[in-house]
Trainee: 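Before we start, here is the structure in question, set down as structure tokens.
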Amino acid sequence: MTARIIDGKAIAQDLRAKIAGAAAALTQKTGIVPGLAVVLVGSDPASEVYVRTKSKAVVDAGMRSFDHKLPADTPETELIALVERLNADPAVHGILVQLPLPPQIDAARVLHTIDPGKDVDGFHPVNAGRLATGLPALVPCTPLGCVRLAKAVHPALAGMEAVVIGRSNIVGKPLAQLLLGENCTVTVAHSKTRDLPAVCRRADLLFAAVGRAEMVRGDWIRPGATVIDVGINRVPGEAGKTRLVGDVAFAEASAVAGAITPVPGGVGPMTIACVILNTLRAACAKQGVAAPDL
Ligand code: NDP
């Protein structure tokens, strides 16, 4: 069997076009232009790339992007003061503080300062709690993207066995909550899970969010399963360069799976699309208008 490749880039592009249409309709109806503030502290090269990509996606969708680049030695109090100004700014509907933050800053304290209504990353405990209790929430972008990719293969996920490897607050836990909301039977695996390959072989839907290059082997996958690879790992490539690989051994896995996301070009582009989706949702909520069903 050769798996269907789930084209995250094309699915994300399609979603971004729909978001742009909905943003234009909101602006026409209310005069409001959704705005996203992106805060970057320091000059981590990977973070700089993410921030540039997010800002461009926002502008491409007809929204406003407010970029704040602060030096690496910025004190925590100064960053918190900026977040408070953004909380109060009516032109800003979404706030995103790029992680990781430098060591002098307590990331949790900063993230907990963000107005939950502007928390487009969905990391605030209020949003995590709302998601866990089935209330409307701003949901972390990577898990949102993962579920949309799974639904591109299986429009209805109800009753499916889903296995999520990883239990971070950013990916694994919110993903498990979303899958429960879709009526999957969910197993969350982590570093203490016994016989991980056997657990993975139960999955109709396998999500790998571990951060270990090509850890999931072909014989961990149930034939015909759908595999969503969240991992982004840099490994040595040809001619002294690095290349990106996921948490799944792609060649082996695609010989067994029914459908699989590539790395790059799978979950990554969907995460970006979901950042702008959340910005649109936050702007709609602020205006008291229903968010479009995209
Ligand atoms: P974390 O490091 O926060 O979490 C990793 C999780 O994997 C933990 O729950 C850990 O278990 C588990 N784990 C580690 N080793 C093993 C193992 N040997 N067997 C089973 N489980 C294990 O990572 P994130 O959730 O932030 O990110 C995961 C991956 O996704 C990374 O590669 C990251 O780069 C990528 N990522 C990609 C994004 C995208 O847009 N495509 C966005 C965000 C992340 P335990 O809790 O027991 O320690």
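Order of appearance sets the numbers: ligands from 1, and atoms from 1 within every ligand. What you are looking at is a predicted structure, and each value in this text was computed from that prediction instead of being measured.
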Trainee: For the atom pair CD1 (Ile80) and OG1 (Thr113), what is the distance rounded to the nearest 0.5 Å?
Mentor: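 Between Ile80 CD1 and Thr113 OG1, I get 4.0 Å after rounding to 0.5 Å.
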
Trainee: Measure from the side-chain N and O atoms of Asn87 to the backbone N and O of Ile114, and report whether any donor-acceptor pair falls under 3.5 Å.
Mentor: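 Here the side-chain-to-backbone pair does not exist.
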
Trainee: Run through Val263, Val216, Ile260 and flag the one making a side-chain contact (heavy atoms from CB on, under 4.5 Å) with Phe250.
Mentor: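 Going through Val263, Val216, Ile260 one by one, the side-chain contact (heavy atoms from CB on, under 4.5 Å) with Phe250 is satisfied by Ile260 alone.
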
Trainee: For atom 42 (C) of ligand 1, what's the nearest protein heavy atom and its distance?
Mentor: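 Heavy-atom neighbour on the protein nearest atom 42 (C) of ligand 1: Thr142 OG1, 3.2 Å.
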
Trainee: Between Leu196 and ligand 1, which residue portion shows a heavy-atom distance shorter than 4.0 Å: side chain, backbone, both, or neither?
Mentor: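 The side chain, only.
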
Trainee: Filter on side chain to side chain donor-acceptor pair (under 3.5 Å), then keep only pairs touching residues 69-79, sequence neighbours left out; what's left?
Mentor: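 Applying side chain to side chain donor-acceptor pair (under 3.5 Å) to every pair that reaches into residues 69-79, excluding sequence neighbours, yields Glu48-Lys69, Glu76-Arg109.
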
Trainee: Might you point out which heavy atoms bring Ile95 and Leu36 nearest each other, and give the distance in Å?
Mentor: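 Answer, listing the atom of Ile95 first, then Leu36: N-CD1, 4.1 Å.
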
Trainee: Mind listing the closest non-hydrogen atom pair of Asn127 and Ala137 along with its distance?
Mentor: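 In this case the closest contact between Asn127 and Ala137 is O-CB, 3.7 Å.
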
Trainee: What protein heavy atom is closest to atom 35 (C) of ligand 1, reported as residue, atom name and distance in Å?
Mentor: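 Going by distance alone, atom 35 (C) of ligand 1 is nearest to Val230 O, 3.4 Å.
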
Trainee: For ligand 1, which atoms have a heavy atom of Gly166 less than 4.0 angstrom away?
Mentor: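 Answer for ligand 1: 6 (C), 7 (O), 9 (O).
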
Trainee: Could you go through the side chain to side chain contact (heavy atoms under 4.5 Å, CB included) check for Val235 and Arg243 one step at a time?
Mentor: CA-CA 6 Å; Val235 297; Arg243 65 189 178 98; 3.8 Å; yes

Trainee: Give me the residue, atom name and distance of the protein heavy atom closest to atom 20 (C) of ligand 1.
Mentor: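 Ranked first by proximity to atom 20 (C) of ligand 1 is His190 O, 3.2 Å.
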
Trainee: Would you check whether Arg212 has a nitrogen or oxygen atom less than 3.5 angstrom from a nitrogen or oxygen atom of ligand 1?
Mentor: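 Yes, since at least one N or O of Arg212 sits under 3.5 Å from an N or O of ligand 1.
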
Trainee: Does Ala209 have a non-hydrogen atom less than 4.0 Å from ligand 1?
Mentor: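 The answer is yes: ligand 1 sits under 4.0 Å from a heavy atom of Ala209.
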
Trainee: Working note: Met63 + Leu280, criterion side chain to side chain contact (heavy atoms under 4.5 Å, CB included); need CA distance, chi angles, decisive distance, verdict.
Mentor: CA-CA 9 Å; Met63 302 180 183; Leu280 175 67; 3.8 Å; yes

Trainee: Around atom 16 (C) of ligand 1, find the nearest protein heavy atom and jot down its residue, atom name and distance.
Mentor: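 Heavy-atom neighbour on the protein nearest atom 16 (C) of ligand 1: Val210 CG1, 3.6 Å.
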
Trainee: Which of the numbered atoms in ligand 1 are under 4.0 angstrom from any heavy atom belonging to Gly231?
Mentor: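 Once the distances to Gly231 are compared, the set is 30 (O), 32 (O).
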
Trainee: Which protein non-hydrogen atom lies closest to atom 31 (C) of ligand 1, naming both residue and atom, and how far is it?
Mentor: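 Nearest neighbour among protein heavy atoms for atom 31 (C) of ligand 1, to 0.1 Å: Gly211 CA, 3.6 Å.
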
Trainee: To which protein heavy atom is atom 44 (C) of ligand 1 closest, and what is the distance rounded to 0.1 Å?
Mentor: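 Closest protein heavy atom to atom 44 (C) of ligand 1: Val171 CG2, 4.0 Å.
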
Trainee: Within less than 4.0 angstrom of ligand 1, does Gly268 place any heavy atom?
Mentor: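 Gly268 counts as a contact of ligand 1 under the 4.0 Å cut-off.
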
Trainee: Just let me know how Thr271 lines up against ligand 1, side chain, backbone, both or neither, with a heavy-atom cut-off below 4.0 Å.
Mentor: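 Just the side chain.
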
Trainee: When you measure from atom 8 (C) of ligand 1 to every protein heavy atom, which one gives the shortest distance, and what is it?
Mentor: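 So the nearest neighbour among protein heavy atoms is Arg167 N, 4.0 Å.
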
Trainee: Work out which heavy atom in His93 is nearest to a heavy atom in Thr279; give both atom names and the distance.
Mentor: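 Closest approach of His93 to Thr279: CB-O, 4.3 Å.
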
Trainee: Please give me the minimum heavy-atom distance between Ala283 and Pro34, naming the atom from each residue.
Mentor: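 Looks like CB-CB, 3.8 Å.
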
Trainee: Evaluate Ser191 for polar contact with ligand 1, using N/O atom pairs at a separation under 3.5 Å.
Mentor: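 Yes; the residue has a nitrogen or oxygen that sits under 3.5 Å from a nitrogen or oxygen of the ligand.
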
Trainee: Verify whether one side chain among Lys29 and Gln287 offers a donor that lies under 3.5 Å from an acceptor in the other.
Mentor: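 Absent: no donor and acceptor within the cut-off.
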
Trainee: Hey, is Met270 one of the residues with a heavy atom under 4.0 angstrom from ligand 1?
Mentor: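 Checking ligand 1 against Met270, which is what was asked, there is no heavy-atom contact under 4.0 Å.
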
Trainee: Look only at interatomic distance and state if Ile232 has a nitrogen or oxygen under 3.5 Å from any nitrogen or oxygen of ligand 1.
Mentor: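 Checking ligand 1 against Ile232, an N or O pair does fall under 3.5 Å apart.
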
Trainee: Tell me, which protein residue and heavy-atom name are nearest atom 25 (O) of ligand 1, and how many Å apart are they?
Mentor: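 Ranking protein heavy atoms by distance from atom 25 (O) of ligand 1, first comes Ser168 OG, 2.6 Å.
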
